[in-house]
Protein chains: 2
Amino acid sequence: MSRNLLLISTSTTHGTGYLEHAEEEVKALLDGKSSVLFIPYARPGGISHNDYTAKVKEALEPWGFKVTGIHEHESPVKAVQEAEAIFIGGGNTFQLLKNLYASKIIEPIQERVKKGMPYMGTSAGTNVAGKSIGTTNDMPIVHVKSFDALQLVPFNINPHYLDPIEGSTHMGETRETRIAEFHHLNRQPVVGLREGSMLRIKGDRIELKGPHSARIFLQSEKPMEFKAGDDIGFLLEAY
Amino acid sequence: MSRNLLLISTSTTHGTGYLEHAEEEVKALLDGKSSVLFIPYARPGGISHNDYTAKVKEALEPWGFKVTGIHEHESPVKAVQEAEAIFIGGGNTFQLLKNLYASKIIEPIQERVKKGMPYMGTSAGTNVAGKSIGTTNDMPIVHVKSFDALQLVPFNINPHYLDPIEGSTHMGETRETRIAEFHHLNRQPVVGLREGSMLRIKGDRIELKGPHSARIFLQSEKPMEFKAGDDIGFLLEAY
């Protein structure tokens, strides 16, 4: 498979501008392309498709990439089929996935990605690149007919991964507990991707980028930490 | 309607035993009853129905209430129809709601509650008492055919409500931001119920109990703080 993906935990890290911390990797992913199709369906904070797309234009156009929002195109399917590259931004994962189904672009995206079209996601856009949205942190603000996601990779991702806070008196489940509960009912690996981290996938190679290690959860095993440069190729094996 | 509900944010507060912080209110709710039907479907941490029920027995039997798990009964529907009182414990809200649907006890519970049977929930068990599970903090580890919940009250609840952490560098959404996103698509009020808090509902009266104020979110309005003793009766008006 000639996958060419960049799956980013968060669009914005503390103290940096939109996509700024990922500039080098974004440019590498989009190398040779001149335009990006942006999918604003996740609507963070309920922002309009136009406003969300404007924000992305502001970030990507100075780097030399023309951006159009998928809502500006007459046919979402055709827009995907003709895109040079696709970027799905963060927001609410349920709303995003519902809109991906509604606009019938799940299969078209899968087909293009299989053939090597660059795909980039941040937060919810990274979440939906996985096998299911079963490890999202978001509230289920709309119902979705299935939690099956784009399945561009055979594992799940938990973006904005948070370590348990030492000495916390909060009794709500930690992220790690929630992922363990996920693994009582689901088999695929889960990558806890801390803010500032990203996964770069080229064909059958996968690399962790950014300043942090990633926490990887396999069913019935103790969570493991992997740092940039470690071999995490097992994640691309089918589950 | 002769509702008789106790909706508790968390079963256990930091430094106290299971249900201990709610002892007085639990005893008041169950006054005059001798048994409780426990529904262990939310399976926190994947715990078995037997183990979860044993934990509840340990807490409630010293207070004079006999506890049976719904799984110990041949017919879940009949168990609900014959129960003196029902307690739904916390865990994963999606798994809980899926099992409520699968065992066909949604309507039987609604009917019994309308007629005054005491209902008690903690965490996920409090969440499913609301209009929908759209404001759960849990991961969607299983798919549910609908997010409509028991609708014992006409609003939603966010248990384990957390205030934004001042000075946090985390870029994931705060609880308040998530609830605002919920209100872009949903109309019902949301009660942010901090750990240690509970709602006591008797007929058409509703009271906030416990040491904290509650944060109440209405669509298109600024969040409001209400403390014990404040009039929050508007929550019981239909939305």
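Convention: sequence-line order gives letters A, B, ...; per-chain numbering from 1. What you see is a predicted model, and the numbers here were worked out from it, not measured in a lab.
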Novice: Heavy-atom pairs under 4.5 Å with chain A are the metric here; pick the option from B/N92, B/T135, B/D148, B/V144 that has the most.
Specialist: B/T135
Novice: Can you tell me which residue pairs pass the ring pair (Phe, Tyr, Trp, His ring centres under 6.0 Å) test with a partner in residues 182-201 of chain B, sequence neighbours excluded?
Specialist: none
Novice: Among A/K145, A/E181, A/R194, which has the most heavy-atom pairs under 4.5 Å with chain B?
Specialist: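 Result: the option with the highest number of such pairs is A/E181.
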Novice: Out of A/N137, A/T126, A/D138, which residue meets the side-chain hydrogen bond (donor to acceptor under 3.5 Å, both in side chains) rule with A/T93?
Specialist: A/D138
Novice: Which bit of A/N186 comes within less than 4.5 Å of chain B, counting heavy atoms only: side chain, backbone, both or neither?
Specialist: side chain
Novice: At a heavy-atom distance under 4.5 Å, which candidate from B/T177, B/T10, B/V142 has the highest pair count against chain A?
Specialist: B/V142
Novice: Can you say whether A/S146 sits under 4.5 Å from chain B via the side chain, the backbone, both, or neither, judging by heavy atoms?
Specialist: backbone
Novice: Before accepting this row, confirm whether a basic side-chain N of the pair B/E176/B/R215 lies closer than 4.0 Å to the acidic partner's carboxylate O.
Specialist: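 Between B/R215 and B/E176 there is a salt bridge, with a charged N closer than 4.0 Å to a carboxylate O.
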Novice: Testing A/F155, A/F226, A/Y161 one by one against A/F217 for a ring-ring contact (aromatic ring centres under 6.0 Å, His included), which residue passes?
Specialist: A/Y161
Novice: Please classify the contact between A/S123 and chain B as side chain, backbone, both or neither, with a heavy-atom cut-off of under 4.5 Å.
Specialist: neither
Novice: Mind checking side chain to side chain donor-acceptor pair (under 3.5 Å) for A/R200 and listing every partner two or more places apart, or none if nothing turns up?
Specialist: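 Here the qualifying residues are A/N4.
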Novice: At a heavy-atom distance under 4.5 Å, which candidate from B/M139, B/Q95, B/R175 has the highest pair count against chain A?
Specialist: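 Of B/M139, B/Q95, B/R175, B/M139 has the most heavy-atom pairs under 4.5 Å with chain A.
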Novice: Please classify the contact of B/S132 with chain A as side chain, backbone, both or neither, using a heavy-atom distance under 4.5 Å.
Specialist: neither
Novice: Relative to the ring of A/H160, is the ring of B/H170 parallel (under 30°), tilted (30 to 60°) or perpendicular (over 60°)?
Specialist: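 Rings of B/H170 and A/H160: perpendicular, as their planes differ by over 60°.
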Novice: Are A/I86 and A/F38 packed together at the side-chain level, in the sense that at least one heavy-atom pair is separated by less than 4.5 angstrom?
Specialist: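 In short, these two side chains do not touch, never coming nearer than 4.5 Å.
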Novice: Pick from A/S168, A/P159, A/G45: which one has the most heavy-atom pairs with chain B under 4.5 Å?
Specialist: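 Highest number of heavy-atom pairs under 4.5 Å: A/G45.
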Novice: Can you say whether B/N158 sits under 4.5 Å from chain A via the side chain, the backbone, both, or neither, judging by heavy atoms?
Specialist: side chain
